[in-house]
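A short worksheet on the structure shown next.
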Amino acid sequence: MKVEYSEADRRPQKRRRRRHSKLKRIAVAIFSILLVLGFAVALMVTVFFNVTSVKVIGSSIYSSEEIIFASGIVNGDNLLRMSADEIEARIVKNLPYIKEAEIIKSFPDSVGIRVEPVEERYSIVTDLATYIADDNFKVLRVATQADNDLTRVRGIKSESFTEGLTVNFADKQQRDVFNDILAICSEKGLNITYINIENLVDIVFAIDNKVLVKLGTYSNLAEKMTHLTSVLTTIDKEASLSISLKDYSVINKEAITKYEDISNYIK
């Protein structure tokens, strides 16, 4: 039996064939584009954008060669595959006297390393050694003795002191109290040259290596420091003395002043 199709029956079939052909062309086009993109990306991470020059920007105690070596960047490294964060962290860890490092990629083939130097701030004295640290307690080096030009710190409890790494206070409360004392002294213009925070109920610190403050406990810290500032206006500015605030309270605002040689207290 012969089957005949009308023109109306053939039109949907033609439309389906045209649609199928169009989809096929689109698929081929997409595949071609992806192939070209993949090839282009492969070229960019293998052939193009490879490092040919590295420049150090900023001042440091380290030479440009030392900084570049610490970065791990070598000619031929690919700019796209290079992790700036990892390189920056590597530089700061391996070169303690660099506070911050910034990697600047300059396409097609150059890298800049911007560095910011760090300054010594603390001599951290322990039973085993003395460590020189910056204002963020990053250990810069091991010293044979305390540096009297820096703030000498005793009593820090930490599991380790490692060059290039920040001191990890084993006692968070100790770190908080220490920061509070520094912040208040800075606000009041007091120059702390020595502090012992080994015992938080018997805190001792010195101002300008002349005035020994026996703070006692850190309770009523803000009030004690305000009272201390008031007492400092009444003393002989050239004399060596101690001021005890151990018995201070909000009700009994007592400060015992004693003129004495404090050098043995602040070694």
Side-chain angles (χ1 to χ4, degrees), residues 56-71 87-103 113-198 200 203-213 215 225 240 262-267:
V56 175
I57 307 164
S59 61
S60 172
I61 67 170
Y62 304 107
S63 67
S64 294
E65 290 76 14
E66 288 175 308
I67 295 172
I68 294 172
F69 180 78
S71 74
I87 296 172
E88 291 163 0
R90 190 183 305 136
I91 293 172
V92 172
K93 181 180 183 299
N94 292 334
L95 303 177
Y97 278 85
I98 290 180
K99 183 176 184 179
E100 292 183 357
E102 179 188 6
I103 298 300
I113 305 176
R114 189 187 305 278
V115 295
E116 180 182 343
V118 73
E119 294 183 1
E120 296 179 345
R121 172 70 187 280
Y122 300 111
S123 277
I124 304 174
V125 183
T126 73
D127 293 336
L128 299 177
T130 296
Y131 303 90
I132 307 302
D134 69 357
D135 55 358
N136 290 318
F137 278 94
K138 175 186 176 184
V139 178
L140 305 177
R141 61 184 173 90
V142 181
T144 55
Q145 60 184 14
D147 188 334
N148 291 333
D149 292 331
L150 307 175
T151 300
R152 301 180 303 286
V153 184
R154 284 186 177 272
I156 290 181
K157 298 173 184 177
S158 177
E159 295 178 356
S160 65
F161 297 88
T162 305
E163 288 185 56
L165 298 181
T166 301
V167 174
N168 182 23
F169 279 67
D171 185 345
K172 182 179 181 298
Q173 187 178 46
Q174 186 186 61
R175 176 66 188 263
D176 292 342
V177 170
F178 180 73
N179 284 338
D180 289 343
I181 293 174
L182 289 181
I184 294 174
C185 284
S186 176
E187 178 185 342
K188 296 183 179 300
L190 304 178
N191 177 36
I192 289 187
T193 52
Y194 171 89
I195 183 168
N196 189 327
I197 53 173
E198 182 175 7
L200 292 184
I203 300 169
V204 177
F205 64 89
I207 300 171
D208 293 326
N209 290 324
K210 290 182 178 180
V211 180
L212 180 71
V213 180
L215 189 68
M225 297 300 288
S240 175
I262 69 167
S263 58
N264 288 330
Y265 292 100
I266 59 176
K267 290 182 178 179

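Just so you know, residue 1 is the first one in the sequence shown, and it goes up from there. In this text, all values refer to a predicted model and were calculated from it rather than measured experimentally.
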Worksheet item: Between Ser160 and Ser158, which heavy-atom pair has the shortest distance, and what is it?
Response: O-OG, 2.9 Å

Item to complete: Step by step, work out the side-chain contact (heavy atoms from CB on, under 4.5 Å) result for Leu165 and Lys93.
Response: CA-CA 7 Å; Leu165 298 181; Lys93 181 180 183 299; 4.2 Å; yes

Worksheet item: Heavy atoms, side chains only, cut-off 4.5 Å: are Tyr97 and Leu95 in contact?
Response: no

Worksheet entry | Euclidean distance, Ile195 CD1 relative to Ile266 CD1, rounded to 0.5 Å | 13.0 Å

Fill in: Heavy-atom side-chain proximity of Ser123 to Val153 below 4.5 angstrom
no

Discussion item. Please check: side-chain N/O of Ser71 versus main-chain N/O of Ile68, any donor-acceptor pairing under 3.5 Å?
Written reply: yes

Worksheet item: Are more than 12 heavy atoms from other residues, nucleotides or ligands located less than 6.0 Å from atom CZ of Phe69?
Response: no

Practice prompt. With rounding to the nearest 0.5 Å, note down the distance linking OG1 in Thr151 to CD1 in Ile124.
Written response: 11.0 Å

Worksheet, complete the sentence: Rounded to the nearest 0.5 Å, the CG atom of Leu150 sits from the CD1 atom of Ile132 at a distance of 5.5 Å

Worksheet item: Can you list every salt bridge (Lys or Arg N to Asp or Glu O under 4.0 Å) pair that touches residues 154-171, not counting sequence neighbours?
Response: none

Worksheet entry | salt bridge (charged side-chain N to carboxylate O under 4.0 Å, His left out) against Glu102, all qualifying residues, sequence neighbours excluded | Arg114

Practice prompt. Begin from the C-alpha positions of Thr162 and Val139 and carry the test side-chain contact (heavy atoms from CB on, under 4.5 Å) through to its verdict.
Written response: CA-CA 6 Å; Thr162 305; Val139 178; over 6 Å; no

Practice prompt. Give me the one residue out of Ile91, Ile57, Ile87 that meets side-chain contact (heavy atoms from CB on, under 4.5 Å) with Ile113.
Written response: Ile91

Discussion item. Test: salt bridge (Lys or Arg N to Asp or Glu O under 4.0 Å). Region: residues 133-151. Which pairs qualify, not counting sequence neighbours?
Written reply: Glu120-Arg141

Worksheet entry | Separation of Ile156 CD1 from Gln174 CD (nearest 0.5 Å) | 6.5 Å

Item to complete: Provide the closest heavy-atom pair for Ser60 versus Ile98 in the form atom of the first, atom of the second, distance.
Response: OG-CG1, 3.9 Å

Worksheet entry | Sole candidate of Phe161, Tyr131, Tyr122 that passes ring-ring contact (aromatic ring centres under 6.0 Å, His included) when paired with Phe137 | Tyr122

Practice prompt. Write down the atom of Ser59, the atom of Pro117, and the distance for their closest heavy-atom approach.
Written response: O-CD, 3.5 Å

Discussion item. Looking at Glu198, I want to see if its CD is surrounded by more than 12 non-hydrogen atoms of other residues, nucleotides or ligands under 6.0 Å.
Written reply: no

Worksheet entry | Spacing of CG belonging to Asn196 relative to CG belonging to Leu215, to within rounding of 0.5 Å | 12.0 Å

Worksheet item: Shortest non-hydrogen contact from Leu140 to Pro96?
Response: CD2-O, 3.2 Å

Worksheet entry | side-chain contact (heavy atoms from CB on, under 4.5 Å) partner of Phe205, the single match among Leu182, Ile197, Ile192 | Ile192

Discussion item. If I take atom CZ from residue Arg152 and atom OG1 from residue Thr193, how far apart are they, to the nearest 0.5 angstrom?
Written reply: 5.5 Å

Discussion item. Is it the case that the side chain of Glu88 and the backbone of Ile103 share a donor-acceptor pair, with hydrogens and angles ignored and the cut-off at 3.5 Å?
Written reply: yes

